[in-house]
Amino acid sequence: MTNRIYSIAIDGPAGAGKSTIARTAAERLGIVYVDTGAIYRTIGYAVLANGIELSDVAKIEDYLPNAHISMDWIDGVQHMFLNSEDVTSNIRSAEVSSSASIVAAIPAVRKYLLEMQREVARKRSVIMDGRDIATVVLPQAEVKIYLFASAEIRAKRRWLEMPEVPYETVLQQVIERDNRDMNREVAPLRPAEDSVMLDTSELDLQQSIEAVINIVREKLAL
Ligand code: DC
């Protein structure tokens, strides 16, 4: 739609629909979707795989230089590599979700991962989602959107994807992760001052995607 390089930052709590919405919007706009949660998940997975206690911050910090993380897009799908091993299919479990959220609160982990996120956005137009994209990673992003929905609605969406886990448990996990992501000292989840707030509680996926595309078109005058 345009030849200039631009960035779209999408932040919000777990389960607000960020990744599905951002992936589809990226396809429609013909730009790359960058899932930064997958990067934190890769560290969370690496820490578990190395048998490091999640409470042992010093050990996690010592381990970081040994975690060579990279990403690549294969058939349009973002793959994560840990020391050259493709770990894409290992990072989606509930255990890794929780581990990712714990390691993401460690300042050294965030610092270690910051530059690789900025680097992707330097070379091409991206739609990047996470928790601190508009506030920390890409504060100069042309479009900033904060996607949210109530904890109950987000838990219900998650639960419909994995009905074998009781709804109450899923809701509890959502609330715990929100608390950790929003109340950590470094780069807590919050909207940037100039983020457009988009509440998806009453919107289905298609409506949410259209809402995001409309915001992008308006901001970029496409
Ligand atoms: O979006 P997700 O559920 O895949 O993210 C996994 C964890 O990583 C989440 O609990 C918060 C953390 N995260 C973060 O702190 N900053 C980001 N930019 C992306 C994710």
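Just so you know, ligand 1 is whichever comes first in the structure, and atom 1 is the first atom listed for that ligand. Position 1 is the first residue of the sequence, and the numbers go up from there.
Atoms CD1 and CG, from Ile91 and Asp35 in turn, are 7.0 Å apart once rounded to the nearest 0.5 Å.
In terms of polar-atom proximity, Arg184 is counted as a contact of ligand 1, with an N or O under 3.5 Å from an N or O of the ligand. Between Asp181 and ligand 1, at least one pair of N/O atoms sits closer than 3.5 Å. In terms of polar-atom proximity, Lys18 is not counted as a contact of ligand 1, lacking any N or O under 3.5 Å from an N or O of the ligand.
Val170 approaches Ala155 most closely through the heavy-atom pair CG1-O, 3.6 Å.
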Inset, instruction - Tell me, with the steps shown, if Arg154 and Arg177 meet side chain to side chain contact (heavy atoms under 4.5 Å, CB included). - result: CA-CA 12 Å; Arg154 288 182 285 123; Arg177 213 135 73 88; over 6 Å; no
Inset, instruction - Any chance you could lay out the salt bridge (Lys or Arg N to Asp or Glu O under 4.0 Å) test for Lys144 and Glu193, step after step, and finish with the verdict? - result: CA-CA 10 Å; Lys144 299 177 179 181; Glu193 270 178 19; over 6 Å; no
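Note on Glu210 versus Arg28: salt bridge recorded, some NZ/NE/NH1/NH2 to OD/OE distance being below 4.0 Å. Using a cut-off of 4.0 Å between Lys/Arg side-chain N and Asp/Glu carboxylate O, Lys123 and Glu119 are scored as salt-bridged.
At a heavy-atom distance under 4.0 Å, no atom of Glu176 approaches ligand 1. If you look at Ala14 next to ligand 1, there are no close heavy atoms at all, none under 4.0 Å.
Close contacts of ligand 1 with Ser101, meaning ligand atoms under 4.0 Å from a residue heavy atom, involve 10 (O). Close approach to Ala104 involves these atoms of ligand 1, each under 4.0 Å from a residue heavy atom: 12 (C), 15 (O). Under a 4.0 Å criterion applied to the non-hydrogen atoms of Gly130, ligand 1 contributes the atoms 17 (C), 18 (N), 19 (C). Heavy-atom contacts of Thr36 reach the following atoms of ligand 1: 17 (C), 18 (N), 19 (C) (cutoff under 4.0 Å). The contact set between ligand 1 and Arg41, taken as ligand atoms under 4.0 Å from a residue heavy atom, comprises 2 (P), 3 (O), 4 (O), 6 (C).
In this structure, of Arg177, Arg131, Arg92, the residue bringing a heavy atom nearest to atom 17 (C) of ligand 1 is Arg131.
Residues Tyr146 and Arg190 bring no donor and acceptor atom of their side chains to less than 3.5 Å of each other.
Transitive grouping of hydrophobic side chains (ILVMFWY, heavy atoms separated by less than 4.5 Å) brings Ile69 and Val103 into a common cluster.
Ligand 1 is approached by Arg110 to a heavy-atom distance shorter than 4.0 Å.
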